[in-house]
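Okay, so here's the structure we're looking at.
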Amino acid sequence: MAQRPVFLPEADHGLVGEAMVEFEWFPGFAVIQKQRSIASLHAAGIETLGVGRLMEVSTKSPDPLGVRLSAFNLSVEVDGEPNRVLLEAAFQGSKVFAAQGPFTHLYAVRDGRAVKRFMNELPDDQLTGFRFEGRDWPLSPRTAFYDWLYLNALREIVGQDDQVEEAIFGVDGFTDIEFNPEKSINCQARSSALFVALTKNGSLTDALTDPDAFIEVLTSHGYGIEPVQGQLL
(Lines give C-alpha, C1' and ligand atoms only; values in the text may rest on other atoms or scores of the structure.)
Protein backbone atom coordinates (compact mmCIF):
# COMPACT_ATOMS: atom_id res chain seq x y z
CA MET A 1 0.00 0.00 0.00
CA ALA A 2 1.06 3.60 -0.59
CA GLN A 3 -0.25 7.11 -0.04
CA ARG A 4 -0.42 10.02 -2.45
CA PRO A 5 -2.27 13.35 -2.28
CA VAL A 6 -5.29 14.24 -4.35
CA PHE A 7 -5.48 17.98 -5.05
CA LEU A 8 -8.98 19.47 -5.07
CA PRO A 9 -9.76 22.98 -6.38
CA GLU A 10 -11.40 25.19 -3.75
CA ALA A 11 -12.57 28.53 -5.12
CA ASP A 12 -12.83 30.03 -1.65
CA HIS A 13 -10.39 30.09 1.26
CA GLY A 14 -7.29 27.95 0.74
CA LEU A 15 -7.70 27.57 -3.04
CA VAL A 16 -6.43 23.97 -3.07
CA GLY A 17 -7.40 21.14 -0.76
CA GLU A 18 -4.98 18.24 -0.30
CA ALA A 19 -6.30 14.84 0.75
CA MET A 20 -3.96 11.90 1.33
CA VAL A 21 -5.37 8.71 -0.14
CA GLU A 22 -4.16 5.17 0.55
CA PHE A 23 -4.12 2.78 -2.42
CA GLU A 24 -2.49 -0.36 -3.74
CA TRP A 25 0.94 0.35 -5.23
CA PHE A 26 2.27 -1.62 -8.19
CA PRO A 27 6.09 -1.53 -8.07
CA GLY A 28 8.24 -1.17 -11.15
CA PHE A 29 9.42 1.56 -13.51
CA ALA A 30 7.46 0.44 -16.56
CA VAL A 31 4.70 2.81 -17.69
CA ILE A 32 2.13 0.04 -17.40
CA GLN A 33 3.00 -0.41 -13.72
CA LYS A 34 2.73 3.33 -13.10
CA GLN A 35 -0.64 3.39 -14.81
CA ARG A 36 -1.87 0.48 -12.70
CA SER A 37 -0.92 2.50 -9.62
CA ILE A 38 -2.68 5.56 -11.05
CA ALA A 39 -5.86 3.56 -11.65
CA SER A 40 -5.66 2.22 -8.09
CA LEU A 41 -5.12 5.71 -6.67
CA HIS A 42 -8.04 7.14 -8.65
CA ALA A 43 -10.39 4.34 -7.66
CA ALA A 44 -9.49 4.79 -3.99
CA GLY A 45 -9.71 8.59 -4.23
CA ILE A 46 -13.13 8.53 -5.86
CA GLU A 47 -14.45 6.16 -3.20
CA THR A 48 -12.78 7.84 -0.23
CA LEU A 49 -13.44 11.46 -1.19
CA GLY A 50 -16.80 11.00 -2.89
CA VAL A 51 -15.69 12.75 -6.08
CA GLY A 52 -16.57 11.89 -9.65
CA ARG A 53 -13.45 12.09 -11.81
CA LEU A 54 -9.73 12.63 -11.30
CA MET A 55 -7.01 13.54 -13.78
CA GLU A 56 -3.41 12.35 -13.57
CA VAL A 57 -0.96 15.09 -14.57
CA SER A 58 2.39 13.51 -15.39
CA THR A 59 4.30 11.85 -18.19
CA LYS A 60 2.87 8.53 -16.97
CA SER A 61 -0.76 9.64 -17.28
CA PRO A 62 -3.10 7.39 -19.27
CA ASP A 63 -4.81 10.62 -20.39
CA PRO A 64 -2.97 12.31 -23.31
CA LEU A 65 -3.91 15.70 -21.88
CA GLY A 66 -2.38 14.76 -18.54
CA VAL A 67 0.86 13.94 -20.36
CA ARG A 68 0.69 17.21 -22.29
CA LEU A 69 0.31 19.16 -19.04
CA SER A 70 3.43 17.69 -17.47
CA ALA A 71 6.14 20.19 -16.55
CA PHE A 72 8.43 18.08 -18.74
CA ASN A 73 6.27 19.01 -21.74
CA LEU A 74 4.96 22.51 -21.05
CA SER A 75 7.06 25.52 -22.05
CA VAL A 76 7.17 29.23 -21.27
CA GLU A 77 8.54 32.34 -22.91
CA VAL A 78 11.51 33.85 -21.08
CA ASP A 79 12.91 37.34 -21.66
CA GLY A 80 16.19 37.19 -23.58
CA GLU A 81 15.77 33.58 -24.69
CA PRO A 82 15.43 33.02 -28.45
CA ASN A 83 13.27 29.93 -28.00
CA ARG A 84 10.58 28.84 -25.60
CA VAL A 85 11.93 27.27 -22.43
CA LEU A 86 10.85 23.95 -20.98
CA LEU A 87 8.92 24.67 -17.78
CA GLU A 88 11.06 22.28 -15.73
CA ALA A 89 14.19 23.99 -17.08
CA ALA A 90 12.85 27.45 -16.26
CA PHE A 91 12.06 26.37 -12.72
CA GLN A 92 15.26 24.49 -11.93
CA GLY A 93 17.48 26.95 -13.79
CA SER A 94 16.15 29.85 -11.74
CA LYS A 95 17.06 28.35 -8.35
CA VAL A 96 19.43 30.36 -6.18
CA PHE A 97 21.33 28.64 -3.40
CA ALA A 98 23.52 30.14 -0.68
CA ALA A 99 26.69 29.56 -2.71
CA GLN A 100 25.52 28.96 -6.29
CA GLY A 101 22.87 29.72 -8.89
CA PRO A 102 20.91 30.61 -10.87
CA PHE A 103 21.73 28.13 -13.64
CA THR A 104 20.33 29.91 -16.65
CA HIS A 105 22.23 27.69 -19.11
CA LEU A 106 19.55 25.10 -18.33
CA TYR A 107 17.02 27.27 -20.17
CA ALA A 108 18.38 25.83 -23.42
CA VAL A 109 18.00 22.19 -22.32
CA ARG A 110 15.00 20.44 -23.89
CA ASP A 111 15.08 17.26 -21.78
CA GLY A 112 13.49 17.55 -18.36
CA ARG A 113 15.32 14.47 -17.09
CA ALA A 114 18.66 15.96 -18.10
CA VAL A 115 17.74 19.08 -16.14
CA LYS A 116 16.93 16.99 -13.08
CA ARG A 117 20.21 15.05 -13.40
CA PHE A 118 22.21 18.28 -13.45
CA MET A 119 20.47 19.56 -10.33
CA ASN A 120 20.87 16.25 -8.50
CA GLU A 121 24.63 16.30 -9.11
CA LEU A 122 25.12 19.72 -7.50
CA PRO A 123 26.80 19.81 -4.09
CA ASP A 124 24.45 20.11 -1.14
CA ASP A 125 23.46 23.71 -0.51
CA GLN A 126 20.65 25.71 1.03
CA LEU A 127 18.00 27.03 -1.34
CA THR A 128 17.42 30.73 -0.71
CA GLY A 129 15.02 31.67 -3.50
CA PHE A 130 14.66 32.05 -7.26
CA ARG A 131 15.84 34.62 -9.82
CA PHE A 132 13.79 34.87 -13.00
CA GLU A 133 13.71 37.62 -15.61
CA GLY A 134 15.59 39.95 -13.28
CA ARG A 135 13.24 39.41 -10.34
CA ASP A 136 14.00 37.66 -7.08
CA TRP A 137 11.29 35.32 -5.78
CA PRO A 138 11.27 34.35 -2.09
CA LEU A 139 10.42 30.87 -0.79
CA SER A 140 7.13 32.06 0.66
CA PRO A 141 4.33 31.78 -0.34
CA ARG A 142 5.24 28.15 -0.71
CA THR A 143 5.32 26.96 -4.36
CA ALA A 144 4.50 30.47 -5.65
CA PHE A 145 7.26 30.64 -8.26
CA TYR A 146 6.54 27.17 -9.63
CA ASP A 147 2.82 27.95 -9.69
CA TRP A 148 3.50 31.22 -11.52
CA LEU A 149 5.35 29.42 -14.30
CA TYR A 150 2.82 26.62 -14.51
CA LEU A 151 -0.31 28.79 -14.51
CA ASN A 152 1.07 31.05 -17.22
CA ALA A 153 1.89 28.05 -19.39
CA LEU A 154 -1.50 26.45 -18.79
CA ARG A 155 -3.38 29.68 -19.46
CA GLU A 156 -1.71 29.89 -22.86
CA ILE A 157 -2.76 26.35 -23.76
CA VAL A 158 -6.32 26.93 -22.56
CA GLY A 159 -6.48 30.07 -24.67
CA GLN A 160 -5.51 28.08 -27.76
CA ASP A 161 -7.68 25.03 -27.22
CA ASP A 162 -11.18 25.14 -25.74
CA GLN A 163 -11.13 21.38 -25.29
CA VAL A 164 -8.34 21.70 -22.72
CA GLU A 165 -10.44 24.04 -20.61
CA GLU A 166 -13.44 21.76 -20.90
CA ALA A 167 -11.35 18.76 -19.84
CA ILE A 168 -9.68 20.25 -16.77
CA PHE A 169 -12.95 21.76 -15.55
CA GLY A 170 -14.66 18.44 -16.10
CA VAL A 171 -12.74 16.69 -13.32
CA ASP A 172 -12.96 17.09 -9.55
CA GLY A 173 -9.29 16.77 -8.68
CA PHE A 174 -5.76 16.11 -9.87
CA THR A 175 -2.99 13.65 -9.05
CA ASP A 176 0.69 13.12 -9.85
CA ILE A 177 1.82 9.54 -9.19
CA GLU A 178 5.48 10.62 -9.15
CA PHE A 179 4.96 13.28 -6.47
CA ASN A 180 6.00 12.28 -2.96
CA PRO A 181 5.27 15.06 -0.43
CA GLU A 182 7.95 13.65 1.87
CA LYS A 183 10.61 14.40 -0.75
CA SER A 184 9.43 17.53 -2.55
CA ILE A 185 6.99 20.42 -2.40
CA ASN A 186 6.14 21.65 -5.89
CA CYS A 187 3.62 19.59 -7.83
CA GLN A 188 2.06 20.03 -11.27
CA ALA A 189 -1.19 18.45 -10.05
CA ARG A 190 -1.49 21.05 -7.29
CA SER A 191 -0.80 23.82 -9.79
CA SER A 192 -3.53 22.45 -12.06
CA ALA A 193 -5.99 22.55 -9.17
CA LEU A 194 -4.89 26.11 -8.38
CA PHE A 195 -5.58 27.17 -11.97
CA VAL A 196 -9.12 25.81 -11.75
CA ALA A 197 -9.75 27.41 -8.36
CA LEU A 198 -8.55 30.87 -9.44
CA THR A 199 -10.59 30.64 -12.63
CA LYS A 200 -13.72 29.67 -10.74
CA ASN A 201 -13.43 32.53 -8.27
CA GLY A 202 -12.75 35.03 -11.04
CA SER A 203 -9.27 36.10 -9.92
CA LEU A 204 -7.02 34.31 -12.44
CA THR A 205 -6.62 37.25 -14.83
CA ASP A 206 -5.80 39.70 -12.05
CA ALA A 207 -3.48 37.20 -10.37
CA LEU A 208 -1.42 36.69 -13.52
CA THR A 209 -1.04 40.41 -14.20
CA ASP A 210 2.38 40.40 -12.56
CA PRO A 211 4.25 38.52 -9.80
CA ASP A 212 3.28 41.00 -7.08
CA ALA A 213 -0.41 40.61 -7.88
CA PHE A 214 0.01 36.84 -7.96
CA ILE A 215 1.61 36.72 -4.52
CA GLU A 216 -1.04 39.06 -3.13
CA VAL A 217 -3.86 36.82 -4.38
CA LEU A 218 -2.23 33.70 -2.96
CA THR A 219 -1.57 35.20 0.45
CA SER A 220 -5.05 36.73 0.67
CA HIS A 221 -6.43 33.20 0.42
CA GLY A 222 -3.92 31.74 2.86
CA TYR A 223 -2.30 29.67 0.13
CA GLY A 224 1.22 28.45 0.88
CA ILE A 225 2.14 31.14 3.37
CA GLU A 226 4.16 28.87 5.65
CA PRO A 227 7.91 29.61 5.63
CA VAL A 228 9.82 26.87 3.82
CA GLN A 229 13.46 27.94 4.28
CA GLY A 230 15.63 24.87 4.05
CA GLN A 231 12.90 22.51 2.89
CA LEU A 232 13.17 20.43 -0.25
CA LEU A 233 11.98 21.86 -3.55
Side-chain angles (χ1 to χ4, degrees), residues 4-21 41-42 45-46 48-58 61 63 65-66 68-71 74-77 87 90-91 130 132-133 135 137-176 179 181 184-228 233:
R4 287 290 185 272
V6 174
F7 297 97
L8 307 169
E10 296 179 349
D12 299 321
H13 184 74
L15 296 177
V16 177
E18 302 182 18
M20 293 299 296
V21 173
L41 169 58
H42 285 192
I46 289 170
T48 302
L49 303 176
V51 296
R53 293 180 58 203
L54 299 174
M55 177 184 287
E56 168 73 11
V57 182
S58 75
S61 179
D63 184 337
L65 179 58
R68 182 182 178 188
L69 298 186
S70 165
L74 291 180
S75 63
V76 294
E77 291 187 357
L87 193 151
F91 174 68
F130 303 88
F132 182 70
E133 295 186 331
R135 177 192 174 91
W137 286 75
L139 298 183
S140 182
R142 186 176 65 168
T143 77
F145 176 61
Y146 183 91
D147 291 330
W148 168 260
L149 293 176
Y150 194 94
L151 267 62
N152 273 285
L154 182 51
R155 179 176 64 169
E156 185 172 356
I157 289 179
V158 167
Q160 297 169 349
D161 187 346
D162 292 341
Q163 292 183 340
V164 174
E165 182 175 24
E166 181 179 350
I168 63 174
F169 282 89
V171 300
D172 300 306
F174 301 87
T175 63
D176 178 356
F179 175 69
S184 57
I185 294 175
N186 298 280
C187 179
Q188 52 206 0
R190 181 194 293 113
S191 298
S192 298
L194 178 63
F195 181 92
V196 173
L198 291 176
T199 302
K200 285 184 175 180
N201 70 19
S203 60
L204 180 70
T205 300
D206 289 342
L208 295 183
T209 301
D210 58 56
D212 289 330
F214 186 65
I215 290 175
E216 182 179 351
V217 169
L218 297 188
T219 54
S220 69
H221 287 84
Y223 177 92
I225 59 174
E226 302 85 355
V228 295
L233 285 99

Give me the atom names and distance for the closest heavy-atom approach of N201 to A11. ND2-O, 2.9 Å

Which residues satisfy the side chain to side chain donor-acceptor pair (under 3.5 Å) test with E216, sequence neighbours excluded? none

Among side-chain atoms of S61 and D63, is any donor-acceptor pair under 3.5 angstrom? no

Can you tell me if R4 uses its side chain to pair, donor with acceptor, with the backbone of D176 under 3.5 Å? no

Kindly say whether the aromatic ring centers of F132 and F91 come within a distance under 6.0 Å. no

Is there a donor-acceptor pair under 3.5 Å between the side chain of Q188 and the backbone N or O of V57? yes

Point-to-point distance, once rounded to the nearest 0.5 Å, from CG of L149 to OG of S75: 11.5 Å

If I compare all heavy atoms of P5 with all of T175, which pair ends up nearest, and what's the gap? O-CG2, 4.2 Å

Taking the inter-plane angle between the rings of F214 and W137 on a 0 to 90° scale, is it parallel (under 30°), tilted (30 to 60°) or perpendicular (over 60°)? perpendicular

Rounded to the nearest 0.5 Å, how far apart are CZ of R68 and CG of L154? 9.5 Å

V171 versus L54: any side-chain heavy-atom pair under 4.5 Å? no

Measure across A19 and L49 and return the closest heavy-atom pair with its distance rounded to 0.1 Å. CB-CD2, 3.6 Å

If you define the side chain from C-beta out and look only at heavy atoms, does anything of P211 sit under 4.5 Å from R135? yes

With I157, which of L65, L74, I168 fulfils side-chain contact (heavy atoms from CB on, under 4.5 Å)? L74

Starting at CD of E165, measure out to CD of Q160 and round the result to the nearest 0.5 Å. 13.0 Å

Less than 4.5 Å apart, any side-chain heavy atom of Y223 and any of T143? yes

Distance from L41 atom CG to I46 atom CD1, nearest 0.5 Å? 9.5 Å

Minimum heavy-atom distance between S70 and S58, given as atom pair plus value: CB-C, 4.0 Å

Would a distance-only check, ignoring hydrogens and angles, find a side-chain to backbone donor-acceptor pair under 3.5 Å from D172 to R53? yes

Side-chain donor or acceptor of T209 paired with backbone N/O of T205 under 3.5 Å: yes

Listed partners of S191 passing side-chain contact (heavy atoms from CB on, under 4.5 Å), at least two apart: Y146, D147, Y150, L151

Tell me the closest heavy-atom pair linking V21 and G45, and the distance in Å. CG1-N, 3.7 Å

Locate the shortest heavy-atom distance separating F174 from A189; write the atom from each residue and the value. CB-O, 3.5 Å

Around atom CG of D212, are there more than 12 heavy atoms of other residues, nucleotides or ligands at under 6.0 Å? yes

Rounded at 0.5 Å granularity, tell me how far CD in E18 sits from CZ in R190. 4.5 Å

pair F130-L139: side-chain heavy atoms closer than 4.5 Å: yes

Side-chain donor or acceptor of R155 paired with backbone N/O of F195 under 3.5 Å: no

The reported gap from CG in L194 to CZ in F7 (rounded to nearest 0.5 angstrom) is 11.0 Å

